[in-house]
Amino acid sequence: MATPERGLGHAGSIVKNRYRVNAIASVGRDVVVYAAEELRYGRPVTLKFLREEAATDPEFVAAVHQQASALAISVHVHRGLPRVYECGTTERGELFIALERTKGTTLREVLDARGALDPASALRIASQVGEALETLHHGHIVHGQLGLESVALVKDSDGVEQVSLLGVELTAAYRTPLGQRRLEASTGCYLAPEQIERGETSDASDQYALGMLLRELLTAGARDTASVETALASLPPEIGRILTTALDPQPERRFPDLSVMVNDMWAAQTALAEPAARPTVAEPRAHRRRRQRSQPPQATLRIAAALFTAGIIAAVVWFVLSGTLVSLVRSVLTTPAVTAVPVAPSIPAAPPAPSPTVREVPSSPPARPPFAAVKDGATAAREGAIPARSAAPVVRDAHTVRDAANAHPSAAPRPAPGDRPEEAEPPPRPPAAREPSSPDGGDGSAIIDWVLSRPR
């Protein structure tokens, strides 16, 4: 019984007690693809096994193992790159790779069915491929074998088509001696001039391959060079500049890195989508003047309202403060100045005179001159003149009595000749107090009266 070819006899088996191999999904030149299921989680997976010639080359197998392991532990994840779950060997020592299952249509099949794509769709697909390649470059992995067969369109749960790169885990093996020989016989990938001439593969090589992919999406179906040039001439200048830079034969004259190329493609796609997103509507000419008036921005209106409110508040505060200030100034101006006036010490009142002795009043009392001075009780008793009613002694201020006597001496009536009344003995005067000097030159009584007469 003939031994089956290596890589083809795993259908119906269980690999490492973890994966159940169901059936062959596809057979390639170097690998066999199986549809399988992971027993631990019950999720569908894809298993790849190397075929006879590739599986027997140690260098080729080592390159596949190293690249697949790097993808499995990479922290850079992109939806355009299928996840690698494990890379190991079976009980018989065969290398296998377990990765995420993807079901889609390759770009070759899409172009054969639809023909050339419109610029917006071509830029969208090329930009997504560029993002996946950019993620690989961040993980220090270079693809090097990009082509229409290595890119598939997969629909997500929302029905939107997304790109997915196929066979990334095998790209490093094609830079081994066996891989280079097998790659030269293949015509499905875009190789840069430095790859063909010197066998050098770098980030710039992926730029060249992406530029060729974009050009193929835009000119699919063109049979000759003249048709390709005509199709490229009708494209927007932004796309022409991207293609010219990416397809430059010299790697150093291409984009500085793949990220710059992806950004330019997204910018060109946005420029194509702007006219459709902003349709122009024709308006009557009568409204042209009104249309030119631009509405003030909301920020300007808010600032103006704030300034107006602040002005009103400032005016109210100023009015209140100014009224208070005016009232204060008026109260200060209308209050009379108070001058300190020295006050004379109080003069003690004269002691009351002793009560006179009551005597009988003669029938005809002697006549008294009208100008006779009031005598005290002792003098009246001595002279025998007793008044009809005893009255309380009149106590006068010494200054007042003195002023009254000395103010106008000529005004007092003089006694008639021959009638000289007996001089009354003046009452004893208290010792004169020391009078303060008055500013008006007098004794200060007028100032004291003015001070006492002021309302309190």
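Everything numeric here is computed off the predicted structure, so don't read it as measured data.
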Inset, instruction - Would you kindly say whether Glu59 and Thr176 are connected by a side-chain donor-acceptor distance under 3.5 Å? - result: no
Inset, instruction - Go through the steps for Lys103 and Val154 under the test side chain to side chain contact (heavy atoms under 4.5 Å, CB included), then give the verdict. - result: CA-CA 6 Å; Lys103 296 178 62 176; Val154 181; 5.8 Å; no
Inset, instruction - Take Lys155 and Val160, measure what side chain to side chain contact (heavy atoms under 4.5 Å, CB included) needs, and give me the verdict at the end. - result: CA-CA 5 Å; Lys155 290 185 178 181; Val160 181; over 6 Å; no
Legend entry - Leu191 side chain reached by Thr201 side chain, heavy atoms, under 4.5 Å: no
Legend entry - Taking every non-hydrogen atom, the tightest pair across Ile141 and Gln67: CG2-NE2, 3.3 Å
Inset, instruction - Report the distance from atom CG of Leu307 to atom CZ of Arg302, rounding to the nearest 0.5 Å. - result: 14.5 Å
Inset, instruction - Would you check if Leu95 and Val64 make a side-chain contact, meaning some heavy-atom pair closer than 4.5 Å? - result: yes
Inset, instruction - Answer with yes or no whether the side chains of Ser259 and Glu134 bring together a donor and an acceptor at under 3.5 Å. - result: yes
Legend entry - Nearest heavy atoms of Gly211 and Leu243, plus distance in Å: O-CD2, 3.6 Å
Inset, instruction - Measure the CG-CZ distance between Leu81 and Arg83 for me, rounded to the nearest 0.5 Å. - result: 11.5 Å
Legend entry - Thr106 and Glu149: CA distance, side-chain angles, deciding distance, side chain to side chain donor-acceptor pair (under 3.5 Å) verdict: CA-CA 6 Å; Thr106 63; Glu149 286 81 6; over 6 Å; no
Legend entry - Thr171 side chain near Val142 side chain, heavy-atom distance below 4.5 Å: no
Legend entry - Main-chain N/O of Gly144 paired with Asp206 side-chain donor or acceptor, under 3.5 Å: yes
Inset, instruction - For Thr309 and Ala305, indicate whether the former's side chain and the latter's backbone hold a donor-acceptor pair under 3.5 Å. - result: yes
Legend entry - Closest heavy-atom pair and its distance - Cys87, Ile97: SG-CG1, 4.2 Å
Inset, instruction - Check whether any side-chain heavy atom of Val32 lies under 4.5 Å from a side-chain heavy atom of Arg51, and answer yes or no. - result: yes
Legend entry - Glu200 side chain to Ser205 side chain, donor-acceptor N/O pair below 3.5 angstrom: no
Inset, instruction - Measure the spacing between CG of Asp203 and CE of Met261 and express it to the nearest 0.5 Å. - result: 13.0 Å
Legend entry - Modelled atom types, side-chain donor and acceptor of Thr89 and Glu94, under 3.5 Å: no
Legend entry - Nearest non-hydrogen partners of Lys16 and Glu91, listed with the distance: N-OE2, 3.4 Å
Inset, instruction - Can you see which heavy atom on Val61 is nearest to which on Ala55, and at what distance? - result: CG2-O, 3.5 Å
Legend entry - Derivation of the side chain to side chain contact (heavy atoms under 4.5 Å, CB included) call for Leu213 and Val129: CA-CA 9 Å; Leu213 178 66; Val129 174; 4.1 Å; yes
Legend entry - Gap between atom CZ of Arg241 and atom CG of Asp264 - 0.5 Å precision: 4.5 Å
Legend entry - Pair Tyr190 and Tyr208, ring centroids less than 6.0 Å apart: no
Legend entry - Leu235 side chain near Leu218 side chain, heavy-atom distance below 4.5 Å: yes
Legend entry - Flag, side chain of Arg40 to backbone of Tyr19, donor-acceptor distance under 3.5 Å: no
Legend entry - Side chain proximity check, Pro236 to Leu272, heavy atoms < 4.5 angstrom: yes
Inset, instruction - Could you tell me whether the side chain of Val110 reaches within less than 4.5 Å of the side chain of Ile125, counting heavy atoms only? - result: no
Inset, instruction - Mark yes or no for whether Arg215, through its side chain, and Leu247, through its backbone, hold a donor-acceptor pair below 3.5 Å. - result: no
Legend entry - Exam field: side chain Thr135 to backbone Glu131, donor-acceptor pair closer than 3.5 Å: yes
Inset, instruction - For side chain to side chain contact (heavy atoms under 4.5 Å, CB included), just list the numbers for Val168 and His143, CA-CA rounded to whole Å, side-chain angles, deciding distance to a tenth of an Å, and then say yes or no. - result: CA-CA 7 Å; Val168 180; His143 194 285; 4.1 Å; yes
Inset, instruction - Fit a plane to each ring of Phe49 and Phe96, take the angle between them on a 0 to 90° scale, and name the class: parallel (under 30°), tilted (30 to 60°) or perpendicular (over 60°). - result: tilted
Legend entry - Polar side-chain atom of Ser121 near backbone of Asp118 as donor-acceptor pair, under 3.5 Å: no
Legend entry - Tyr85 six-ring centre to Arg43 NZ/CZ under 6.0 Å and within 45° of normal: yes
Inset, instruction - To the nearest 0.5 Å, tell me how far Thr270 OG1 sits from Glu238 CD. - result: 11.0 Å
Inset, instruction - Ignoring hydrogens and angles, tell me if any N or O in the side chain of Glu169 forms a donor-acceptor pair with the backbone of Ala68 under 3.5 Å. - result: no
Legend entry - Backbone of Leu8 reached by a side-chain donor or acceptor of Tyr34 within 3.5 Å: yes
Legend entry - From Leu107 atom CG to Leu153 atom CG, the distance as rounded to the nearest 0.5 Å: 5.0 Å
Inset, instruction - Determine yes or no for a side-chain-to-main-chain donor-acceptor pair under 3.5 angstrom, with Glu194 supplying the side chain and Pro251 the backbone. - result: no
Inset, instruction - Find out whether Leu47 and His10 are in side-chain contact, i.e. whether some heavy atom of one side chain is under 4.5 Å from a heavy atom of the other. - result: no
Inset, instruction - Would you check if the side chain of Arg254 reaches a backbone N or O of Thr245 as a donor-acceptor pair within less than 3.5 Å? - result: no
Inset, instruction - Mind listing the closest non-hydrogen atom pair of Asp30 and Ala54 along with its distance? - result: O-CB, 4.2 Å
